[in-house]
Amino acid sequence: MFREISHTADLAYEIVAKDLTELLNDIVQIIMENSDFSEGYNGNASKSLSHLFKECSKKDNKDLQNVIKKCYNISDANKEGFIDDLFDAVNDIISTVDRGYLPVKVENQCVYFTKRRVALRIKALTYHGLQVEFGEKITLRVVFDV
């Protein structure tokens, strides 16, 4: 026997960013705020990510060899292309985190990751509710499947 029950299983956010780097950084912070990991994180995604990158960048740190850089080509030439490119990039970031790589820095359209165990609550970015508005700032509405 079964019956349909009311259940909200998604997370929705509105992001307002001055540029694409800030937008990607906010998305990475959202992903990390919805993750569980023990080492190097103190509940403040921005400070923790910066600290981890500094630690991983030290010359004598063995984690430096575990840092990977992934760059995304997100075009803002038109709204539909932007949404498709961003959708693919965000889901790739989620997939990379799910495979055990923690994002530690966002620079331009590139995200740096280091090997860390992460339990991710977010499964994927959905097209449902995905909206972008260009103006003085970029306003993005996103819904993540959890």
Of all heavy-atom pairs linking I31 and I122, the shortest is CA-CD1, 4.0 Å

Assess whether atom NZ of K123 is packed by more than 12 heavy atoms of other residues, nucleotides or ligands within 6.0 Å. no

Practice prompt. Could you tell me whether the side chains of D85 and Y72 share a donor-acceptor contact shorter than 3.5 Å?
Written response: no

* Using 30° and 60° as the class limits, which term best fits the ring planes of F134 and F82: parallel, tilted or perpendicular? -> perpendicular

**Report entry** Evaluation steps, side-chain contact (heavy atoms from CB on, under 4.5 Å), between V142 and T126
**Finding:** CA-CA 7 Å; V142 295; T126 68; over 6 Å; no

Note: A12 and V143 closest approach over all heavy atoms is CB-CG2, 4.1 Å

Shortest non-hydrogen pair, F113 vs Y101, comes out as CD2-O, 3.6 Å

Query raised in the report: Is a side-chain donor or acceptor of N91 paired with a backbone partner of L125 at a separation under 3.5 angstrom?
Result: yes

Heavy-atom nearest pair, Q109 first then L24, reads CA-CD1, 3.9 Å

_I30 backbone acceptor or donor facing N34 side chain under 3.5 Å_ = yes

Heavy atoms of P103 and V111 approach each other most closely as CB-CG1, 3.8 Å

To the nearest 0.5 Å, atom CG of D88 lies from atom CD1 of I93 at 11.0 Å

State whether the side chain of T96 and the backbone N or O of D92 hold a donor-acceptor pair below 3.5 Å, judged by distance alone. yes

Minimal heavy-atom distance between E22 and K18, with the atoms involved, is OE2-N, 3.0 Å

- Query: Would you say the side-chain atoms of D19 pair up with the backbone N or O of T21, donor to acceptor, closer than 3.5 Å?
  - Reply: yes

Taking only Lys NZ, Arg NE, NH1 and NH2, and the carboxylate oxygens of Asp or Glu, determine whether K79 and E133 approach each other closer than 4.0 Å.
no

Check your understanding: Where the side chain of E33 meets the backbone of Q29, is there a donor-acceptor pair that is under 3.5 Å apart?
Key -> no

